[in-house]
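One structure is given below, represented as structure tokens, and several questions about it will come after.
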Protein chains: 2
Amino acid sequence: MSHAKIRNMEEFAALSGISRPTVSKFFHDPDSVRKSTRERIEAALEQYNYRPNIYAVNQNRRMTKNFGIVVPYLADPFFAEIARNIEELVIAAGYRPILMSSHGEPANEVENLDALRAIKPAGVLLAPLGRASDRDAVAAFCRDVPTVHFDSNIEGMGDVFVGHDNDHATALMVDYLARTGEPPAFFEMRTPTNPNAGKRRRAYIATMERLGHEPQIVQVEGQDWEFERIGYEGGLRVLSDRSLATDTVFCSNDRLAIGFLAAAFEKGLRVGRGEGSALRVAGHDNHPFTRYTCPTLTTVAQNYRAISRKSVEEMLALIESDERPATRETTLFDGELIVRASA
Amino acid sequence: MSHAKIRNMEEFAALSGISRPTVSKFFHDPDSVRKSTRERIEAALEQYNYRPNIYAVNQNRRMTKNFGIVVPYLADPFFAEIARNIEELVIAAGYRPILMSSHGEPANEVENLDALRAIKPAGVLLAPLGRASDRDAVAAFCRDVPTVHFDSNIEGMGDVFVGHDNDHATALMVDYLARTGEPPAFFEMRTPTNPNAGKRRRAYIATMERLGHEPQIVQVEGQDWEFERIGYEGGLRVLSDRSLATDTVFCSNDRLAIGFLAAAFEKGLRVGRGEGSALRVAGHDNHPFTRYTCPTLTTVAQNYRAISRKSVEEMLALIESDERPATRETTLFDGELIVRASA
DNA sequence: ACTTTTTCTTTACGCGCGTCAAATTTTCGT
DNA sequence: ACGAAAATTTGACGCGCGTAAAGAAAAAGT
């Protein structure tokens, strides 16, 4: 690689012996030029290490190759994993991923969307905060930018929604728990921000009724995104109260369950499904850390690979078609029961 | 806010009754124009919702207001938390943060740096992968772009390093463990990618020798970033072997310790510092989840708020001075002993 | 070898904004 | 109220690249 710094495409074109418009064409699609031409440019490229100025490139284009990814809370490894998956797929599709986290704050969410709008992305994959989201701001954004919602469904927003089938997954777990022991109580936050929580509660109730059991819902306080703490504190209270009518607890999500496990441990309660266990605890999501809790957590896995792939595919289709779909499509993927030691 | 879409600054200037050059000046520094002028522009701004095209703005500037943040592995909540902190500080300083994760892969790290270079950031905060990093690529990047390294110190690279004082923190924990029970063995990966690991090992040995104890180092295999699994599998082996000469284990980091705790739990060993406990386990970093392990994990906290703040401050100073420092500065922050239930 | 098709070159304009110089207007001190 | 200083306007150019049109050159077909 040469030391010489190239200032612009004009210079690079001169050095490679090709005209600038052809070089420009090459950078948009290397296969759009004759093979011999491509090789000459590529040879020059290796020698001089030139790259088009992305600001100049994007200035006139109505749409860029940028691809926004917004998650509600990146410090949650679940979202970090999904984001990683999506990033890979986006890069493979030839786009540049731009990852943003709302850190649980609606104000950040709006800021992120504003920043994205300024970047003129080809499309955005958005997992909204949910109940806390500024609905008007999100709706306005979705009107301006092709948007696929994932994980968290806000009815009517976004062109497409891709997510987890909470009904199916919840039934799967309730069935399993009821079949192998006492029917579960449902443990959740009183005012969950994530709309999945409501779906899961309703699915729990429906399944319990279908099985002829009385639903028991335990709701704990807590507003922020530190679910482990909320599960822990709520767990301590519930276990002290002895208010549970059953020895089996199905937590609305894994992070609550992790906190609940910590509370049970502190109370000296043995968690598991064998003899000598006082409590069964199950979660939902197959959070990366549930393999290393004590005991390991029985849960329902979200098929986050399928969700990631479908989300990106839908977005690419949206971009290619260059028109917004008339009807809002929804795709849900089945969860998978992961039986471990805790229930 | 009006419905009318503004195409460019020319139009917006006309609508606000101010000339374009003055409007341009306003967007660079609202206080650089007369108060009455500023108010007229701001009034128009509320009415028409115009924002300068960032691509056109950045096209000629040698440096933008972009601020790169690269972490080695975002699915680790420790880095997610640091990134969150840094993002906030960066925004407060008037820059636009661009967060990237290398996902543990050197190839991704190089890609991220390439992408950042194309964006012409004012500066970059880089936590490199460490041993696995492509040293030449990182060095070349640091030559072109003002870079502050944090967390992971690669000797001689970057203009500034800000990190955790591993010597001090390790001594703190070894002192504590030796004072309150048997002196600890040191549990780590054989070939850790992160340079902090080596520092911690050496500090452990030095402190043990200072205290007149024989160091015992237990190394386990494992290459990737799934430290919990590595700690778990290594822990199972160590506990089966009964190769430990002590009942106290100091893990090189919290994620290994989380895995080790899971192994101890599976082996039926009671972990803690009280009577009836078979094992003490300690970690390092104060990972967000260590408050919810079973038992809660005794660890040494990194002062990540101070590290974040200092990193950003150093970067801003670097940007303002507009020159690269002659000597490479290093700032280390003291850790804090966090005594919980596990040791 | 000659025609047709494909690809490339030349020339030129436009994008939205930064920025400069000169002319003009406004503000401020007294 | 007047002159100096500060702010704004006017007019113009440049940045790096996309892109269009017309003509030249190369490749492909016969």
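Letters A, B, ... are given to chains in the order of the sequence lines, protein chains preceding strands, and every chain is numbered from 1. Remember, it's a predicted structure, so these values are computed and weren't measured experimentally.
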Practice task
Figure out the CD/C1' separation between B/Glu39 and D/dA7, and round it to whole Å.
Solution key: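 Roughly 15 Å, once rounded to whole Å.
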Which atom pairs link the protein and nucleotides 13-15 of chain C when you take only N or O atoms and keep those under 3.5 Å?
| unit_1 | atom_1 | unit_2 | atom_2 | d |
| --- | --- | --- | --- | --- |
| C/dG14 | N2 | A/Asn60 | ND2 | 3.4 |
| C/dC15 | O4' | A/Asn60 | OD1 | 3.2 |
| C/dC15 | O2 | A/Gln59 | NE2 | 2.4 |
| C/dC15 | O2 | A/Asn60 | OD1 | 2.9 |
| C/dC15 | O2 | A/Asn60 | ND2 | 3.2 |

Problem - SB check A/Lys310 A/Glu314 (cutoff 4.0 Å) - result: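 Result for this pair is yes, salt bridge flagged.
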Practice task
Using whole Å, report how far CZ of B/Arg38 lies from P of C/dT26.
Solution key: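 After rounding, the reported distance stands at 20 Å.
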Practice task
Assess the pair A/Tyr50 and A/Phe27: is the distance between their ring centroids shorter than 6.0 Å?
Solution key: yes
Problem - Separation of atom CZ in A/Arg51 from atom C1' in D/dC17, rounded to whole Å - result: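 Roughly 16 Å, once rounded to whole Å.
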Fill in the blank from the handout: When A/Val90, A/Leu99, A/Val70, A/Val312 are each screened for side chain to side chain contact (heavy atoms under 4.5 Å, CB included) with A/Leu125, the one that passes is A/Val312
Practice task
Give every residue pair that meets the salt bridge (Lys or Arg N to Asp or Glu O under 4.0 Å) criterion with at least one member in residues 12-21 of chain A, sequence neighbours excluded.
Solution key: A/Glu10-A/Arg20
Exercise for the section: Report which part of the nucleic acid A/Tyr50 touches: base, sugar-phosphate, or nothing (heavy-atom distance under 4.0 Å, all strands). Expected result: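 The residue A/Tyr50 makes sugar-phosphate contact but no base contact.
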Handout entry: Validation row: A/Val148, A/Phe161 side chains within 4.5 angstrom (heavy atoms)
Key =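 Contact flag for A/Val148/A/Phe161 side chains = no.
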Exercise for the section: Would you mind reading off the distance between B/Tyr55 atom OH and D/dG18 atom C1', rounded to a whole angstrom? Expected result: 15 Å
Handout entry: B/Glu111 side chain near B/Glu105 side chain, heavy-atom distance below 4.5 Å
Key =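 B/Glu111 does not reach B/Glu105 side chain to side chain.
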Problem - Under-4.0 Å side-chain N/O to phosphate OP1/OP2 contact, A/Ser24 with D/dC17 - result: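 So the side chain of A/Ser24 is outside the cut-off, no N or O lying under 4.0 Å from OP1 or OP2 of D/dC17.
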Exercise for the section: Give me the one residue out of A/Arg131, A/Arg135, A/Arg328 that meets salt bridge (charged side-chain N to carboxylate O under 4.0 Å, His left out) with A/Glu155. Expected result: A/Arg328
Practice task
Specify the residue among B/Arg34 and A/Lys25 whose closest nucleotide of DNA chain D lies further upstream toward the 5′ end.
Solution key: B/Arg34
Problem - Side-chain ion pair, B/Glu88 and B/Arg84, N-O less than 4.0 Å - result: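 Judged by the 4.0 Å cut-off on N to carboxylate O distance, B/Glu88 and B/Arg84 do form a salt bridge.
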Handout entry: Candidate nucleotides C/dC8, C/dC17, D/dT19, ranked by approach to the side chain of A/Thr37 - the nearest
Key =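 My answer, after comparing the listed nucleotides, is C/dC8.
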Practice task
List in numerical order all residues of residues 9-19 of chain A for which some heavy atom is under 4.0 Å away from an atom belonging to DNA chain D.
Solution key: A/Met9
Practice task
Figure out the NZ/P separation between B/Lys65 and C/dG18, and round it to whole Å.
Solution key: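 Between P of C/dG18 and NZ of B/Lys65: 13 Å.
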Practice task
Please state how far atom CZ in B/Arg40 lies from atom P in D/dA7, giving the value in whole angstrom units.
Solution key: 16 Å
Handout entry: Rounded distance (Å) that lies between atom P of C/dG16 and atom CZ of B/Arg7
Key =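 Answer to the nearest Å: 7 Å.
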Problem - Whole angstrom value for the distance that separates C1' of D/dT19 from CZ of A/Arg61 - result: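 Answer to the nearest Å: 11 Å.
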Exercise for the section: Answer with yes or no whether the side chains of A/Ser308 and A/Ser311 bring together a donor and an acceptor at under 3.5 Å. Expected result: no
